[in-house]
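One structure is given here, and the rest of the page talks about it.
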Amino acid sequence: MAEHSTPITLGRALIERNASSTNVQLHPCRSRKLSSCSSLGNESSVLVINTGGTIGMTLHDSGYAPKANALVESLRKLPILHDEQYARQTCLYESYGLKNTLVLPQSKLNKRIIYTILEYSPLLDSSNMTTDDWGQIGKDIEKNYENFDGFVILHGTDTMAYTASALSFMCENLGKPIVLTGSQVPIYELRNDGRDNLLGALLIAGQFIIPEVCLYFYNKLYRGNRVTKVHAESFNAFTSPNLAPLATIEVDFKINWDTVWRANNTAMFQARNELNRNVGLLRLFPGITASTVRAFLQPPMQGVVLETYGSGNAPDNRPDLLEELSKATNAGVIIVNCTQCLKGTVSPTYATGKVLMDAGLIAGSDMTPEAALSKLSYVLAKKELTLDAQKKLMAQNLRGEMSADLEGAKLCLSNHRFIQVIAKSLNVSCKEELEAIRDALSPSLACAAAKIGDTEALEALKEMGSDLRLGDFDGRTPLHVAACEGHLGLVQYLLNQGASVHAKDRYGDTPLSNAVRFRHKEVVRLLRKTGAHFSREQMEEAGTELCSLAASGDKDGLRIWRIAGADMTKPGYDGKTAIEVAQAAGRKDVVEFLTPLHQHNSKSMNGAGIEFTAVPTVL
Ligand SMILES: NC(=O)C[C@H](N)C(=O)O
């Protein structure tokens with residue numbers, strides 16, 4: 001298991017640097033902004049968690065093994081993965097306070113992706129990983145969730161499909177991309193797939209809000225719980241047999257937004273790091289003995305994936321075998337029926353399949369064995385649930401891992417009159433052109449509907465296949481607009497449709513910052529409940545705004561910032577905090593209002609404030 005690294009408060013790290021710097025007048029962040037003001041809105045930050053794997057291995061006497069503390073320095077020398085000139089021009093190292101922060105050259109979509117590498121110790125060949133390592137990754141993502149726009153996990157390919165599946169379940173109400181990648185040949189070798197894979201994963205995690213645990217390999221982005229490793233030597237090592245890739249990256253990024261999974265509730269992100277280890281995979285084979293099955297199902301076994309033939313079949317002329325299975329399910333072992341076939345699903349078509357249902361097995365649809373196993377591990381760790389509730393969860397589609405209830409609801413574009421009229425006037429008729437018109441028009445139409453709170457119009461747009469999460473020409477999504485207007489019901493509706501609270505428009509504004517600006521308290525509360533938070537840059541700017549509200553005695557304005565989760569102790573541009581400004585302006589009531597918040601905030605910032613985990617040696 002990876003060692004716990006020393007947590008460091010990011011905010012404090014910045015402040016300490018400032019205090020020890022010779023140029024104390026300028027906060028490092030502010031000096032950075034002044035020198036790069038036009039590009040900051042286009043920056044995004046990604047945390048790269050390096051767990052090991054071939055990507056960072058070198059050849060030793062005993063064969064390939066991970067090399068510690070080498071990746072950052074070697075990436076720094078690769079111009080496609082680090083732009084040193086930009087880093088210096090924009091005081092990147094001072095601003096992040098971490099030496100293990102790098103920046104990609106500007107992307108085709110004009111984005112600058114700043115990435116920080118957190119290296120585990122020891123680095124592992126993924127064959128050595130256990131559920132404890134999955135838990136550690138979950139913890140580190142949770143700890144750093146609000147500091148980054150996306151996450152990349154460098155991981156060995158051998159067990160990457162297991163880790164990706166497990167994380168997909170552990171990460172509840174995920175609103176940001178988590179992309180696992182690695183390589184078949186070390187990044188240090190002349191010909192390798194590591195560079196492309198890392199670059200692609202960073203570009204996805206830093207540019208698109210795909211709120212899933214994904215796996216990126218050989219130009220394709222897959223849903224993490226749908227993949228399996230199918231090749232030991234090819235660069236094209238993974239496949240997703242029952243679900244098309246979420247994206248293909250060739251000349252351009254082609255994202256299949258219709259397929260992208262999203263949490264459709266209003267709850268905060270959390271990583272459930274407890275996992276149950278009493279689970280196993282049992283593959284049927286002709287002639288398997290009842291005693292083998294009995295031995296496998298003995299306590300402490302609590303959950304088993306039975307890999308059956310074809311569409312979920314087992315011999316129905318083997319009462320001895322079926323009895324062992326029945327005995328185990330009656331004793332409370334959850335057994336999930338998954339097919340040995342790479343493609344296709346479990347169905348009760350054959351008598352040989354029905355007998356397993358009768359023995360109390362749960363149909364695993366088209367789940368991969370990796371997904372079914374890690375789902376069992378996650379579900380069985382939910383000790384607050386009854387056995388029946390756990391079984392129910394196993395049969396449900398939790399993160400898009402099975403096709404059970406994914407079918408249906410594909411809209412028929414040609415049904416919609418409005419688009420048809422436009423298409424006719426433009427003389428188009430083929431499906432692709434119609435779709436292109438729909439995609440170009442619908443974000444603006446959806447924003448217009450959101451402005452007047454017209455849920456019916458949004459429903460109609462959805463029915464014709466429009467994606468209500470997409471932004472218009474300024475990157476403004478219907479959720480931004482609804483938040484500005486204070487349409488609480490509509491905000492709830494859009495969140496239920498999977499709209500992202502993290503979407504940024506071209507000015508860097510999020511639905512939360514919009515709702516704060518227009519003082520829609522209830523909308524702010526709902527967005528916060530769904531996991532919305534200020535970005536680091538917004539936090540830096542908040543200080544000045546708080547001071548000006550304090551100076552004018554605007555308690556209501558201060559209250560809304562507080563509800564939105566702002567740090568009320570943030571200093572303004574001249575280093576003074578809101579409470580100091582209020583004192584100087586003789587605003588007694590504002591001082592009274594701020595005093596308890598100030599005390600509370602300073603306590604929490606000194607204690608359990610946002611922590612940034614990093615390996616001490618790289619600081
Ligand atoms: N290509 C790889 O990364 C394989 C390696 N054995 C691992 O899984 O860590």
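Whatever order the structure lists them in is the order used to number ligands and atoms, beginning at 1.
Using a 4.0 Å cut-off to heavy atoms of Gly156, the atoms of ligand 1 that qualify are 3 (O), 7 (C), 8 (O), 9 (O). For ligand 1, the atoms closer than 4.0 angstrom to any heavy atom of Gly53 are 9 (O).
Checked by atom type and distance alone, the side chain of Ser240 never pairs as donor or acceptor with a backbone atom of Val227 at under 3.5 Å.
Where the criterion is an N or O separation shorter than 3.5 Å, residue side chain and backbone included, Gln184 meets it with respect to ligand 1. Of the N or O atoms in Lys229, none lie within a sub-3.5 Å distance of an N or O in ligand 1. Taking distance alone, with nitrogen or oxygen atoms compared against 3.5 Å, Ser126 approaches ligand 1 more closely than that limit. The N/O atoms of Thr157, backbone and side chain alike, include one that comes under 3.5 Å of an N/O atom in ligand 1.
With a 4.0 Å heavy-atom cut-off, ligand 1 is reached by no atom of Ala237.
From Ile137, atom CD1 reaches atom CG of Asp132 across 11.5 Å, with rounding to the nearest 0.5 Å. Annotation: the span from Ile362 atom CD1 to Thr329 atom OG1 amounts to 9.5 Å, rounded to 0.5 Å. One finds the OH atom of Tyr162 at 15.5 Å from the CG atom of Asp133 (value rounded to the nearest 0.5 Å).
The local environment of CD in Glu233 is sparse, with at most 12 non-hydrogen atoms from other residues, nucleotides or ligands closer than 6.0 Å.
Protein heavy atom closest to atom 4 (C) of ligand 1, with residue, atom name and distance, is Thr54 OG1, 3.2 Å.
Ring orientation note: the planes of Tyr145 and Phe151 are close to parallel, at an angle under 30° on the 30°/60° scale.
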